[in-house]
Asker: 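Sharing a structure here in C-alpha cells format.
Naming convention: chains lettered A, B, ... in sequence-line order (proteins, then strands); numbering from 1 in each chain. Just the heavy atoms: all of them, side chains too, but no hydrogens, waters or symmetry mates, feed the values below.
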There are 2 protein chains.
Amino acid sequence: MSTDVPAPLENDEHGSAKARAPRADAQRNLDTLLQTAAEVFASSGVDAPVREIAEKAGVGIGTLYRHFPNRAELVAAVFRREIDACANAAEPLAAAHPPFEALSLWIERYVGFVATKKGLAAALHSGDAAYESLPPHRNQRLIPALRGLLDTAASAGEIRSGVDAYDLLNAVGSLYMSVRDEPGAESARRMVALLIDGLRYGATGRPEA
Amino acid sequence: MSTDVPAPLENDEHGSAKARAPRADAQRNLDTLLQTAAEVFASSGVDAPVREIAEKAGVGIGTLYRHFPNRAELVAAVFRREIDACANAAEPLAAAHPPFEALSLWIERYVGFVATKKGLAAALHSGDAAYESLPPHRNQRLIPALRGLLDTAASAGEIRSGVDAYDLLNAVGSLYMSVRDEPGAESARRMVALLIDGLRYGATGRPEA
DNA sequence: CTATATACGGAACGCTGTTCCGTTTAGCAA
DNA sequence: TTGCTAAACGGAACAGCGTTCCGTATATAG
C-alpha cells in the first residue's frame with residue numbers, strides 16, 4: 001500500500017475534466033449487455049440469473065460486474081434505457097401520424113413497455129437504493145412526451161383538453177402493473193381502450209379557435 | 001416397494017375418517033415453528049432465511065420442511081394464522097367496549113397486522129400458488145368480523161350506516177400496504193384516522209328506532 | 001513495436017432453498 | 001417396565017444464486 005499516488009496528471013483529452021476515453025470493446029460489451037438483459041428480462045422476468053444474461057451476451061460474469069456493481073443496477077439501467085426509448089418514440093410518431101393516432105400509438109408503445117416488465121412493481125417496492133431513481137426518471141422523460149401528444153391532439157380538437165399527463169400515465173401503468181395472467185391482460189387492454197375513448201368524449205371535433 | 005398396503009384398518013379413533021392422531025412432539029414443533037416464524041417475519045420481513053427460523057425455533061431444517069413443503073407454504077400458514085387471530089379478536093372487543101370504540105380498536109388491530117407484513121404485497125403478486133388462498137381466506141374471515149362491528153356501531157347510532165366492510169378493509173389495507181419508511185407510516189396513520197372520523201359523520205347519535 | 005492501463009473470464013466464496021437418509025423417540029402392547 | 005415400530009427429528013449435502021478476486025489478454029498511446 002503506497003502512501004502517495006503516482007502523479008495522475010489530473011486531466012485528459014480536451015483539457016477540461018477527468019475521464020479517459022473508454023476502450024472500444026468495453027463500450028461494445030456494455031451495449032450488448034444492456035440489449036441482452038432487456039431481452040432476457042422480457043422473456044424470463046427481472047429475476048433472471050445474471051449468469052444467464054452474461055452467457056447469452058457472450059461475456060464472462062466478471063465483465064458484467066465491471067459494468068454494473070450489482071444486479072439491481074443492471075435492472076435499473078435497462079429500465080432507464082427503455083424509458084428513454086419510449087420517450088424518444090413520441091416525436092417520430094407525432095411527425096408521421098395525425099395527432100390522435102400518434103397519441104394512441106404511443107400509449108400502445110407505453111403499454112408494450114409496462115406489460116413486459118414482470119416483477120417491476122415488486123422491484124420498485126423492494127427498497128433497494130438502485131431503483132429509487134426510476135420513478136423520477138420516468139416522470140421526467142415520459143410525462144413531457146405524453147403531455148406534448150395530448151396537447152397537440154387537444155389543439156386539433158381530436159380529444160378533449162384538460163387531461164393531466166401524470167394521471168393518464170399512472171392510470172395506464174396501474175392497469176398493467178402486476179398483471180400476470182392472460183385474462184388480466186385482456187381486461188387491462190379493454191380498460192385502456194375505454195380510457196382512450198374517454199379522451200375523445202367531449203372533443204370539439206375541429207381545431208381550436 | 002410392496003404391492004399391497006399392510007392392512008391399515010381404514011379408520012381411526014371415533015371410526016369415521018382416515019387420519020391418525022399426530023404425535024405430541026410433532027404438534028408442539030409445528031406450533032413453535034409458526035410462532036417463531038411470525039416473530040421473525042415481523043422483525044426481518046418475509047424474506048428471512050428458513051434456517052434462521054428453524055434455529056430460533058430450536059429445531060432442524062429437516063423438521064421445518066416436514067411440516068411445510070416449502071418456504072412459501074410456511075409464510076402462507078403464518079399469514080392464515082394471523083388472519084384468524086385478527087378475526088377472532090373482534091368478538092372479545094365487541095363484548096368489552098362500546099360499539100364505536102370496539103370498531104376503532106379492531107381497526108387498530110388490523111393495521112397492526114398489515115403494517116408489520118413487509119413484503120406481503122410482493123409475495124401476493126409473486127404468482128406462487130401457495131399464496132393464492134390468502135385473499136379468499138382474508139375475505140372469508142375478516143369481512144364478516146368487520147361487518148359485525150360496523151353493524152353494531154351503526155345500530156347504536158354511533159356511526160353512519162351503509163358502509164361496506166369490503167371497501168373499508170381494502171382501503172385501510174391499501175393505505176398501509178407497501179409502506180416502507182416512517183413518514184409513509186405516519187401519513188397512512190393520519191389517513192386511517194380520517195377514514196374512521198368519516199364513519200361518524202352523519203351518524204344519528206342515538207340508537208335506531 | 002512495445003509498454004501498460006484497461007478490460008476480460010471464470011474459479012471460488014458465502015448464502016440461499018430443498019432433499020435425503022441415518023438416528024432418535026413417542027406411543028402402544030405385552 | 002420393557003420392547004417394538006412407525007413417526008418424527010437433525011443436519012450434512014446439493015444445486016443455484018449474487019458477488020468477489022485475480023491471473024490473463026488486449027486495445028491503444030507513444
Asker: Between C/dG17 atom C1' and B/Ile53 atom CD1, what is the distance in whole Å?
Answerer: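 In whole Å, C/dG17 C1' and B/Ile53 CD1 are 12 Å from each other.
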
Asker: Within the pair B/His67 and D/dA8, is there a side-chain N or O less than 4.0 Å away from OP1 or OP2?
Answerer: no

Asker: Flag the pair A/Leu175 / A/Leu195 as yes when at least one side-chain heavy-atom distance between them is below 4.5 Å, and no otherwise.
Answerer: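 Side chain of A/Leu175 against side chain of A/Leu195, heavy atoms only: contact under 4.5 Å found.
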
Asker: How long is the line joining CD of B/Glu55 and P of D/dC9, in whole Å?
Answerer: 17 Å

Asker: Do B/Val75 and B/Phe68 have side-chain heavy atoms sitting under 4.5 Å apart?
Answerer: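 Counting from C-beta outward, B/Val75 and B/Phe68 never come under 4.5 Å.
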
Asker: Could you state the atom-to-atom distance from CG of B/Asn29 to C1' of D/dA7 in whole Å?
Answerer: 13 Å

Asker: Flag the pair B/Arg81 and B/Asp31 as a salt bridge only when some basic side-chain nitrogen lies within less than 4.0 angstrom of an acidic carboxylate oxygen.
Answerer: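 Salt bridge present between B/Arg81 and B/Asp31.
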
Asker: Does the side chain of A/Thr63 get closer than 4.0 angstrom to OP1 or OP2 of C/dG9 through an N or O atom?
Answerer: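 Yes, such a contact exists.
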
Asker: Rounded to whole angstrom units, what separation is found between the CG atom of B/Asp47 and the P atom of C/dC15?
Answerer: 17 Å

Asker: Could you measure the distance from the CG atom of A/Asn170 to the CD1 atom of A/Ile143? Nearest 0.5 Å is fine.
Answerer: 7.0 Å

Asker: If you measure from the Lys or Arg side-chain nitrogens to the Asp or Glu carboxylate oxygens, is any gap between A/Arg28 and A/Asp25 under 4.0 Å?
Answerer: no

Asker: Go along nucleotides 18-30 of chain C 5' to 3' and tag each nucleotide: B for a protein heavy atom under 4.0 Å from its base, S when only backbone or sugar atoms are that close, - otherwise.
Answerer: BB-----BSS---

Asker: What is the distance, to the nearest angstrom, from the CG atom on B/Leu33 to the C1' atom on D/dC9?
Answerer: 12 Å

Asker: Evaluate whether atom CD of B/Glu39 has more than 12 neighbouring non-hydrogen atoms of other residues, nucleotides or ligands under 6.0 angstrom away.
Answerer: yes

Asker: Give the rounded distance in Å between these two atoms: CD of A/Glu73 and P of D/dG18.
Answerer: 15 Å

